[in-house]
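Counting starts at 1 for both ligands and their atoms, in listed order.
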Amino acid sequence: MVNQLLPDDADLDNHITVGGILNSRLTRAELTVLMCEDTRRARSGELPEPRVVVSSNGLVIAKYHQDTAFKRSIDGADIVDVDGMPLVFATRLLCKTPLRERVATTDFVKDASEMAAKEGIRFYFLGAQGDVAQIAARNLQRAYPGLQIVGTRNGYFSLEEEAALCDEIVQSGADILWLGLGSPKQEAFALRNRHRLAGLAWIRTCGGLFDFYSERLPRAPQWMQGVGLEWLFRVLQEPKRLGGRYMLTNPVALYHLMTKTHD
Ligand code: UDP
(Lines give C-alpha, C1' and ligand atoms only; values in the text may rest on other atoms or scores of the structure.)
Protein backbone atom coordinates (compact mmCIF):
# COMPACT_ATOMS: atom_id res chain seq x y z
CA MET A 1 0.00 0.00 0.00
CA VAL A 2 2.64 2.54 1.02
CA ASN A 3 6.32 2.50 0.36
CA GLN A 4 7.36 4.45 3.40
CA LEU A 5 9.33 2.93 6.21
CA LEU A 6 6.99 1.09 8.54
CA PRO A 7 7.37 1.22 12.28
CA ASP A 8 8.71 -2.27 12.98
CA ASP A 9 7.71 -4.40 15.96
CA ALA A 10 10.58 -2.94 17.97
CA ASP A 11 9.03 0.52 17.60
CA LEU A 12 5.60 -0.79 18.51
CA ASP A 13 7.04 -2.40 21.64
CA ASN A 14 9.04 0.68 22.51
CA HIS A 15 7.05 2.20 25.36
CA ILE A 16 7.36 5.00 27.87
CA THR A 17 5.44 5.25 31.13
CA VAL A 18 3.72 8.60 31.58
CA GLY A 19 1.72 9.16 34.78
CA GLY A 20 1.59 5.39 35.31
CA ILE A 21 0.19 4.59 31.84
CA LEU A 22 2.22 2.65 29.29
CA ASN A 23 2.35 4.87 26.19
CA SER A 24 3.53 4.33 22.65
CA ARG A 25 6.48 6.34 21.38
CA LEU A 26 5.18 6.41 17.81
CA THR A 27 5.03 9.83 16.15
CA ARG A 28 2.09 11.11 14.12
CA ALA A 29 3.85 10.20 10.89
CA GLU A 30 4.64 6.66 12.10
CA LEU A 31 1.07 6.15 13.31
CA THR A 32 -0.21 7.22 9.91
CA VAL A 33 1.93 4.62 8.17
CA LEU A 34 0.82 2.00 10.69
CA MET A 35 -2.83 2.85 9.96
CA CYS A 36 -2.16 2.14 6.31
CA GLU A 37 -0.34 -1.10 6.98
CA ASP A 38 -3.06 -2.29 9.38
CA THR A 39 -5.71 -1.54 6.76
CA ARG A 40 -3.85 -3.75 4.30
CA ARG A 41 -3.58 -6.49 6.96
CA ALA A 42 -7.25 -6.22 7.96
CA ARG A 43 -8.43 -6.38 4.35
CA SER A 44 -6.37 -9.50 3.72
CA GLY A 45 -7.67 -11.15 6.90
CA GLU A 46 -4.36 -10.98 8.80
CA LEU A 47 -5.83 -8.89 11.64
CA PRO A 48 -8.46 -10.94 13.49
CA GLU A 49 -9.79 -7.88 15.31
CA PRO A 50 -9.27 -4.14 14.90
CA ARG A 51 -6.44 -2.53 16.80
CA VAL A 52 -7.74 -0.25 19.57
CA VAL A 53 -5.91 3.10 19.57
CA VAL A 54 -6.64 5.54 22.40
CA SER A 55 -5.13 8.74 23.81
CA SER A 56 -3.88 9.85 27.19
CA ASN A 57 -4.00 13.31 28.75
CA GLY A 58 -4.30 14.71 32.27
CA LEU A 59 -7.95 13.72 32.61
CA VAL A 60 -7.22 10.19 31.45
CA ILE A 61 -4.32 9.83 33.92
CA ALA A 62 -6.45 11.04 36.85
CA LYS A 63 -9.33 8.72 35.92
CA TYR A 64 -6.98 5.77 35.31
CA HIS A 65 -5.91 5.79 38.97
CA GLN A 66 -9.43 6.31 40.33
CA ASP A 67 -11.61 4.00 38.26
CA THR A 68 -10.66 0.32 37.89
CA ALA A 69 -13.02 -0.31 34.94
CA PHE A 70 -11.46 2.61 33.07
CA LYS A 71 -7.95 1.36 33.95
CA ARG A 72 -8.89 -2.03 32.44
CA SER A 73 -10.04 -0.33 29.21
CA ILE A 74 -6.81 1.67 28.88
CA ASP A 75 -4.65 -1.36 29.69
CA GLY A 76 -6.63 -3.36 27.14
CA ALA A 77 -5.93 -0.91 24.29
CA ASP A 78 -3.17 -1.76 21.80
CA ILE A 79 -1.76 1.73 21.47
CA VAL A 80 -2.05 4.64 23.90
CA ASP A 81 -0.66 7.82 22.42
CA VAL A 82 0.08 11.03 24.28
CA ASP A 83 -2.40 13.83 23.51
CA GLY A 84 -1.30 16.52 25.97
CA MET A 85 1.64 18.89 25.99
CA PRO A 86 2.03 18.75 29.82
CA LEU A 87 2.67 15.00 29.46
CA VAL A 88 5.41 15.63 26.90
CA PHE A 89 6.97 18.22 29.26
CA ALA A 90 6.97 15.63 32.08
CA THR A 91 8.91 13.17 29.89
CA ARG A 92 11.44 15.93 29.06
CA LEU A 93 11.94 16.50 32.76
CA LEU A 94 11.99 12.92 33.97
CA CYS A 95 13.09 10.57 31.18
CA LYS A 96 16.43 9.81 29.54
CA THR A 97 14.68 9.54 26.18
CA PRO A 98 11.68 11.89 26.24
CA LEU A 99 8.77 11.72 23.81
CA ARG A 100 9.55 13.31 20.46
CA GLU A 101 6.17 14.97 20.08
CA ARG A 102 2.58 15.17 21.19
CA VAL A 103 0.08 13.16 19.13
CA ALA A 104 -2.96 15.44 19.25
CA THR A 105 -5.90 13.56 17.76
CA THR A 106 -7.22 16.82 16.26
CA ASP A 107 -3.95 17.07 14.27
CA PHE A 108 -3.48 13.36 13.64
CA VAL A 109 -6.86 13.24 11.90
CA LYS A 110 -5.43 15.58 9.24
CA ASP A 111 -2.44 13.29 8.56
CA ALA A 112 -4.75 10.29 8.58
CA SER A 113 -7.26 11.95 6.22
CA GLU A 114 -4.57 12.95 3.75
CA MET A 115 -3.19 9.42 3.69
CA ALA A 116 -6.68 7.87 3.56
CA ALA A 117 -7.69 10.02 0.58
CA LYS A 118 -4.54 8.93 -1.26
CA GLU A 119 -4.74 5.24 -0.36
CA GLY A 120 -8.52 4.67 -0.46
CA ILE A 121 -8.82 3.99 3.26
CA ARG A 122 -12.44 4.31 4.42
CA PHE A 123 -13.57 6.08 7.62
CA TYR A 124 -16.71 5.84 9.74
CA PHE A 125 -17.53 8.64 12.23
CA LEU A 126 -19.47 7.66 15.36
CA GLY A 127 -20.20 10.17 18.12
CA ALA A 128 -21.37 13.65 19.16
CA GLN A 129 -24.87 15.11 19.07
CA GLY A 130 -27.37 15.31 16.21
CA ASP A 131 -25.68 15.73 12.85
CA VAL A 132 -22.35 17.02 14.19
CA ALA A 133 -20.41 13.95 12.95
CA GLN A 134 -22.00 14.33 9.50
CA ILE A 135 -21.03 18.01 9.30
CA ALA A 136 -17.48 17.18 10.46
CA ALA A 137 -17.31 14.49 7.75
CA ARG A 138 -18.40 16.96 5.07
CA ASN A 139 -15.81 19.52 6.23
CA LEU A 140 -12.99 16.99 6.19
CA GLN A 141 -14.02 15.71 2.77
CA ARG A 142 -13.93 19.26 1.48
CA ALA A 143 -10.40 19.69 2.88
CA TYR A 144 -9.21 16.28 1.61
CA PRO A 145 -10.85 15.60 -1.75
CA GLY A 146 -11.33 11.90 -2.39
CA LEU A 147 -11.59 11.06 1.32
CA GLN A 148 -14.19 8.31 1.76
CA ILE A 149 -16.32 8.60 4.89
CA VAL A 150 -18.71 5.70 4.42
CA GLY A 151 -20.97 6.36 7.39
CA THR A 152 -21.72 8.70 10.27
CA ARG A 153 -23.97 8.39 13.29
CA ASN A 154 -24.55 10.38 16.48
CA GLY A 155 -23.18 9.03 19.74
CA TYR A 156 -26.41 8.56 21.67
CA PHE A 157 -27.66 4.96 21.69
CA SER A 158 -28.42 2.18 24.18
CA LEU A 159 -26.38 -0.89 25.06
CA GLU A 160 -29.00 -3.03 23.29
CA GLU A 161 -28.47 -1.16 20.03
CA GLU A 162 -24.71 -1.75 19.94
CA ALA A 163 -24.69 -5.13 18.16
CA ALA A 164 -26.83 -3.82 15.27
CA LEU A 165 -24.79 -0.64 15.12
CA CYS A 166 -21.55 -2.65 14.84
CA ASP A 167 -23.08 -4.75 12.03
CA GLU A 168 -23.96 -1.54 10.23
CA ILE A 169 -20.37 -0.27 10.59
CA VAL A 170 -18.89 -3.54 9.26
CA GLN A 171 -21.40 -3.55 6.36
CA SER A 172 -20.38 0.01 5.45
CA GLY A 173 -16.95 -1.29 4.44
CA ALA A 174 -15.16 1.05 6.84
CA ASP A 175 -11.50 0.42 7.69
CA ILE A 176 -11.16 2.93 10.53
CA LEU A 177 -13.83 3.72 13.11
CA TRP A 178 -13.36 7.18 14.64
CA LEU A 179 -15.15 6.97 17.97
CA GLY A 180 -16.01 10.25 19.73
CA LEU A 181 -18.14 9.39 22.75
CA GLY A 182 -15.92 11.02 25.42
CA SER A 183 -14.10 9.15 28.18
CA PRO A 184 -14.76 6.62 29.65
CA LYS A 185 -17.62 5.70 27.25
CA GLN A 186 -15.52 5.47 24.11
CA GLU A 187 -12.78 3.28 25.63
CA ALA A 188 -15.38 0.93 27.15
CA PHE A 189 -17.29 0.74 23.84
CA ALA A 190 -14.08 -0.07 21.95
CA LEU A 191 -13.08 -2.95 24.21
CA ARG A 192 -16.64 -4.31 24.50
CA ASN A 193 -17.28 -4.30 20.76
CA ARG A 194 -13.97 -4.95 19.04
CA HIS A 195 -14.92 -8.61 18.36
CA ARG A 196 -18.08 -7.38 16.58
CA LEU A 197 -15.97 -5.12 14.36
CA ALA A 198 -13.74 -7.80 12.82
CA GLY A 199 -12.66 -6.69 9.37
CA LEU A 200 -11.87 -3.14 10.47
CA ALA A 201 -8.24 -2.12 10.97
CA TRP A 202 -8.63 0.37 13.81
CA ILE A 203 -10.99 1.69 16.41
CA ARG A 204 -9.55 5.14 17.06
CA THR A 205 -11.07 7.03 20.01
CA CYS A 206 -11.30 10.77 19.41
CA GLY A 207 -13.24 12.55 22.23
CA GLY A 208 -14.68 15.86 21.08
CA LEU A 209 -13.05 15.74 17.60
CA PHE A 210 -16.32 16.00 15.66
CA ASP A 211 -17.30 19.11 17.61
CA PHE A 212 -14.10 20.83 16.46
CA TYR A 213 -14.40 19.81 12.81
CA SER A 214 -18.08 20.71 12.61
CA GLU A 215 -16.99 24.10 13.94
CA ARG A 216 -19.43 23.70 16.82
CA LEU A 217 -16.45 24.51 19.07
CA PRO A 218 -13.30 26.45 18.09
CA ARG A 219 -9.86 25.05 18.88
CA ALA A 220 -7.28 26.75 21.13
CA PRO A 221 -4.81 29.06 19.37
CA GLN A 222 -1.47 27.49 18.44
CA TRP A 223 0.49 29.27 21.20
CA MET A 224 -1.81 27.87 23.91
CA GLN A 225 -1.45 24.36 22.49
CA GLY A 226 2.34 24.79 22.42
CA VAL A 227 2.69 25.82 26.07
CA GLY A 228 0.34 23.11 27.33
CA LEU A 229 -2.74 25.29 27.96
CA GLU A 230 -5.26 23.79 25.55
CA TRP A 231 -7.22 22.52 28.58
CA LEU A 232 -7.56 26.12 29.89
CA PHE A 233 -8.97 27.30 26.58
CA ARG A 234 -11.57 24.53 26.75
CA VAL A 235 -12.49 25.48 30.34
CA LEU A 236 -12.97 29.13 29.31
CA GLN A 237 -15.30 28.03 26.51
CA GLU A 238 -17.41 25.67 28.60
CA PRO A 239 -16.77 26.77 32.22
CA LYS A 240 -19.91 25.16 33.65
CA ARG A 241 -19.27 21.73 32.14
CA LEU A 242 -15.49 21.58 32.33
CA GLY A 243 -14.39 23.99 35.13
CA GLY A 244 -14.95 21.63 38.04
CA ARG A 245 -13.64 18.70 36.05
CA TYR A 246 -10.19 20.22 35.45
CA MET A 247 -9.89 21.86 38.89
CA LEU A 248 -10.35 18.44 40.48
CA THR A 249 -8.26 16.39 38.07
CA ASN A 250 -5.28 18.70 37.38
CA PRO A 251 -3.61 18.30 40.81
CA VAL A 252 -4.22 14.52 40.74
CA ALA A 253 -2.77 14.23 37.22
CA LEU A 254 0.23 16.35 38.21
CA TYR A 255 0.95 14.11 41.19
CA HIS A 256 0.88 10.95 39.03
CA LEU A 257 2.91 12.66 36.30
CA MET A 258 5.67 13.64 38.74
CA THR A 259 5.79 10.27 40.52
CA LYS A 260 5.06 7.76 37.71
CA THR A 261 6.82 8.98 34.58
CA HIS A 262 9.91 7.05 33.41
CA ASP A 263 11.57 5.38 30.41
N1 UDP B 1 -20.83 12.06 23.52
C2 UDP B 1 -21.48 11.08 22.79
N3 UDP B 1 -22.25 10.17 23.45
C4 UDP B 1 -22.39 10.17 24.80
C5 UDP B 1 -21.68 11.16 25.54
C6 UDP B 1 -20.91 12.09 24.87
O7 UDP B 1 -21.39 11.04 21.57
O8 UDP B 1 -23.09 9.31 25.33
C9 UDP B 1 -20.00 13.02 22.78
C10 UDP B 1 -20.24 14.48 23.07
O11 UDP B 1 -21.36 14.93 22.31
C12 UDP B 1 -18.93 15.11 22.61
C13 UDP B 1 -17.92 13.99 22.85
O14 UDP B 1 -18.66 12.82 23.16
O15 UDP B 1 -18.99 15.32 21.22
C16 UDP B 1 -16.92 14.10 23.95
O17 UDP B 1 -16.89 15.25 24.58
P18 UDP B 1 -15.79 15.62 25.65
O19 UDP B 1 -15.30 16.95 25.25
O20 UDP B 1 -16.35 15.43 27.00
O21 UDP B 1 -14.66 14.51 25.44
P22 UDP B 1 -13.11 14.58 25.62
O23 UDP B 1 -12.59 15.17 24.34
O24 UDP B 1 -12.87 15.44 26.83
O25 UDP B 1 -12.77 13.14 25.82
Residue that, paired with Thr39, satisfies side chain to side chain contact (heavy atoms under 4.5 Å, CB included) out of Leu34, Asp175, Leu200, Leu47: Asp175
The single option from Val82, Asp107, Thr27 passing side chain to side chain contact (heavy atoms under 4.5 Å, CB included) against Glu101: Thr27
Within one Ile-Leu-Val-Met-Phe-Trp-Tyr cluster: Ile149 and Leu177, side-chain cutoff 4.5 Å: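 No, because Ile149 and Leu177 fall into different hydrophobic clusters, even though each may have its own neighbours under 4.5 Å.
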More than 12 heavy atoms from other groups under 6.0 Å of CZ on Phe157: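 Enclosed.
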Close-range residues for ligand 1, whose non-hydrogen atoms fall below the 4.0 Å threshold: Gly127, Ala128, Gln129, Gly155, Tyr156, Gly180, Leu181, Gly182, Ser183, Lys185, Gly207, Gly208, Asp211, Arg234, Arg241, Arg245
Mutual orientation of the aromatic rings belonging to Phe108 and Trp178 [parallel < 30°, tilted 30-60°, perpendicular > 60°]: tilted
Scan the side chains in residues 225-235 for donor-acceptor partners under 3.5 Å anywhere in the protein, sequence neighbours excluded, and list what turns up.
from: Gln225; atom 1: OE1; to: Arg219; atom 2: NH2; distance (Å): 3.1
from: Gln225; atom 1: NE2; to: Ala220; atom 2: O; distance (Å): 2.9
from: Glu230; atom 1: OE1; to: Arg102; atom 2: NH1; distance (Å): 3.2
from: Glu230; atom 1: OE1; to: Arg102; atom 2: NH2; distance (Å): 2.5
from: Glu230; atom 1: OE2; to: Arg219; atom 2: NE; distance (Å): 2.9
from: Trp231; atom 1: NE1; to: Gly228; atom 2: O; distance (Å): 3.2

